[in-house]
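The next block holds one structure in the form of structure tokens; read it before the comments.
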Amino acid sequence: MDLKFARTDIDAKPKKVDLDKIEASVEKEGSMIFYFDRENSHKDLLELQDYFEEKGKSFYMSEVKFGLSDNEYMYQVHIIS
């Protein structure tokens with residue numbers, strides 16, 4: 001499963017990350033907050049949630065709006081061991 005991190009610049013394309021890198025970061029730090037781009041499907045993020053909850057981790061996801069337009073948002077994901 002490939003997901004896209006949130007853009008750091010409006011004109012930039014989001015950077016892709018695979019599940020293995022996300023899992024390695026969580027295992028190394030124990031608790032991580034990730035920001036994912038709006039281009040990710042909600043279904044993929046729910047699959048990510050299922051994956052980490054099956055591993056016994058807590059998973060919290062929310063939409064973060066950063067502008068007035070409907071498409072100016074990102075997903076905040078907090079994974080806790």
Working to the nearest 0.5 Å, report the span between CD1 of I80 and CZ of F59. 11.0 Å
Distance col, row L45:CG vs F34:CZ, nearest 0.5 angstrom, shows 12.0 Å
May I ask you to test the F52-V77 pair for a side-chain heavy-atom distance under 4.5 Å? no
Any donor-acceptor N/O pair, E29 side chain to S25 backbone, under 3.5 Å: no
What's the spacing between M74 CE and E63 CD if we round to 0.5 Å? 11.0 Å
Straight-line distance of I79 CD1 to K55 NZ, nearest 0.5 Å: 12.0 Å
Ignoring hydrogens and angles, tell me if any N or O in the side chain of S41 forms a donor-acceptor pair with the backbone of D44 under 3.5 Å. yes
Those residues that, when tested against E39, pass salt bridge (charged side-chain N to carboxylate O under 4.0 Å, His left out) (two or more places apart): K4, R7
Within this structure, what is the CG-CG distance for the pair D37 and L3, rounded to the nearest 0.5 Å? 10.5 Å
Quiz question: by atom type and distance under 3.5 Å, do the side chains of H78 and S31 form a donor-acceptor pair? yes
Could you tell me if the side chain of Y75 sits less than 4.5 Å from the side chain of Y35, heavy atoms only? no
Minimum side-chain heavy-atom gap K21-K16 below 4.5 Å: no
Just verifying a value: how many Å separate M1 CE and E47 CD, rounded to the nearest 0.5 Å? 5.0 Å
